[in-house]
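In this text the structure is predicted, and so the values were computed from the model without any measurement.
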Amino acid sequence: MSCQIEDDDGDWSAPVMLIMRGNSASAGVYEDENGKKPAWPKGALHEGPAKEYAVLKGFRPKVLDVTGSSKRGDRDASDGTLMALECFQKHPTVTGFYGFSGGGYNLWHILNNMTPKDRARVRWVTVVGVDSDAPRSKFESSKFPGGSWTLDYSPNSDPHMFGPERLLEQAKRLANTPVDAVTGAGPIVPRKK
């Protein structure tokens with residue numbers, strides 16, 4: 001499996017945040033940004049708000065072009081987990097992760113499968129749209145040898161698919177700075193060291 005990024009522009013200059021989609025779904029299950037319910041073969045995610053969040057936090061967003069679904073209940077074997085680890089190894093500029101829903105569940109497995117040296121490179125972890133079986137405490141850097149990242153955690157709430165929008169709005173309120181992910185207009189909040 002190669003490191004596949006949707007619409008990859010080839011620019012991996014630092015810092016990069018890998019954005020991981022949720023589970024795949026057939027048409028009629030999950031709403032897109034316009035309220036329609038298309039099929040999500042590569043995993044459900046409202047990409048615009050996730051990318052804008054990454055830019056707001058000072059990262060170059062890269063969306064993995066693969067579903068966050070588990071493999072028969074095994075998230076260590078998920079294509080999303082395996083591809084994120086491969087991208088992280090291939091690109092030393094990856095220092096942040098954003099996982100939505102199934103991609104959020106995969107984040108624990110990604111971090112757990114890293115070495116302490118790998119974890120020391122991670123500066124930001126964002127978990128969005130997971131349920132109470134994946135509490136905030138599970139993703140805290142203190143639980144992982146070598147970890148020292150900032151954790152942004154937004155648990156699941158209805159409507160599920162709009163978790164990225166809610167997190168972005170919260171981040172904007174905290175920063176009091178609107179940023180457009182497409183144009184990059186607006187100041188960027190420096191990330192914590």
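Salt-bridge formation is not detected for the pair Asp158/Arg166: no Lys NZ or Arg NE/NH1/NH2 atom is positioned less than 4.0 Å from an Asp or Glu carboxylate oxygen. Of the charged side-chain nitrogens involved, none lies within less than 4.0 Å of a carboxylate oxygen, so that Lys37 and Asp32 do not count as a salt-bridged pair. Arg21 has a carboxylate O that lies under 4.0 Å from a charged side-chain N of Asp65, or vice versa, which qualifies the two as a salt bridge. Of the charged side-chain nitrogens involved, none lies within less than 4.0 Å of a carboxylate oxygen, so that Lys57 and Glu52 do not count as a salt-bridged pair.
The closest donor-acceptor contact from the side chain of Lys51 to the backbone of Lys62 lies at 3.5 Å or more, if one exists at all. Side-chain N or O atoms of Asn112 include none that pairs as donor or acceptor with a backbone N or O of Trp108 at under 3.5 Å. Put simply, the side chain of Arg75 gets close to the backbone of Gly102: a donor and an acceptor are under 3.5 Å apart. Remark: side-chain polar atoms of Asn34 are not paired, donor with acceptor, to backbone N or O of Lys36 under 3.5 angstrom. Under the 3.5 Å distance criterion, the side-chain polar atoms of His46 are matched with a main-chain donor or acceptor of Met161. A donor-acceptor contact shorter than 3.5 Å links the side chain of Ser69 to the backbone of Ser24. A donor-acceptor pair under 3.5 Å links the side-chain atoms of Tyr105 to the main chain of Asp131, judged by distance alone. A distance-only check finds no donor-acceptor pair linking the side chain of Ser26 to the backbone of Ala39 [under 3.5 Å].
The heavy-atom pair separating Tyr153 from Pro135 by the smallest distance is OH-CA, 3.5 Å. Across all their heavy atoms, Met20 and Ile110 have their closest contact at SD-CD1, 3.3 Å. Scanning both residues, Arg119 and Pro145, for their nearest heavy atoms gives NH1-O, 2.8 Å. Smallest separation of non-hydrogen atoms from Val127 and Val130: CG1-CG2, 3.7 Å. Nearest heavy-atom pair, Ala77 versus Leu82, reported as atom, atom and distance to 0.1 Å: O-CD1, 3.6 Å. The nearest pair of heavy atoms linking Ser78 to Thr67 is OG-O, 4.3 Å.
Residues Gln89 and Asp118 have side chains that bring a donor and an acceptor to within less than 3.5 angstrom of each other. In the model, Tyr30 has no side-chain atom that pairs as donor or acceptor with a side-chain atom of Asn23 under 3.5 Å.
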**Request:** May I have the step-by-step check of side chain to side chain contact (heavy atoms under 4.5 Å, CB included) for Val122 and Met114, ending in yes or no?
**Result:** CA-CA 10 Å; Val122 179; Met114 289 180 176; 4.1 Å; yes
**Request:** Could you check Lys42 against Asp79 for salt bridge (Lys or Arg N to Asp or Glu O under 4.0 Å), going step by step and ending with a plain yes or no?
**Result:** CA-CA 10 Å; Lys42 293 184 179 181; Asp79 289 344; over 6 Å; no
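Annotation: side chain of Val125 is in contact with side chain of Leu107 (closest heavy-atom distance under 4.5 Å). Taking 4.5 Å as the limit, every side-chain heavy atom of Trp124 sits out of range of all side-chain heavy atoms of Thr95. Residues Val94 and Arg121 have side chains in contact (heavy-atom distance under 4.5 Å, counting atoms from C-beta outward). Annotation: side chain of Leu18 is not in contact with side chain of Tyr98 (no heavy-atom distance under 4.5 Å). Within the 4.5 Å cutoff, side-chain heavy atoms of Val55 are placed close to those of Pro61. Arg136 has its side chain within reach of Leu151: a pair of non-hydrogen atoms, C-beta onward, lies under 4.5 Å apart. Between Phe88 and Met83 the shortest side-chain heavy-atom distance does not fall below 4.5 Å. Residues Val63 and Leu45 meet the side-chain proximity criterion, which asks for heavy atoms closer than 4.5 Å.
Phe139 and Trp149 have their aromatic ring centers separated by at least 6.0 angstrom.
Met17 contributes atom CE, which lies 7.0 Å from atom CD1 of Ile19 (distance to the nearest 0.5 angstrom). Expressed to the nearest 0.5 Å, how far NE2 of His91 lies from OG of Ser13 amounts to 12.0 Å. The distance from atom CG of Asn113 to atom CG of Asp76, rounded to the nearest 0.5 Å, is 4.5 Å. Taken from CG in Asn106 to OG in Ser70, the straight-line distance is 8.0 Å, to the nearest 0.5 Å. One finds the OH atom of Tyr53 at 5.0 Å from the CG atom of Leu167 (value rounded to the nearest 0.5 Å). If you take NZ on Lys172 and CD on Glu169, they are separated by 5.0 Å, rounding to the nearest 0.5 Å.
Cation-pi geometry between Arg123 and Phe59 is not met at under 6.0 angstrom from the ring centre and within 45 degrees of the axis.
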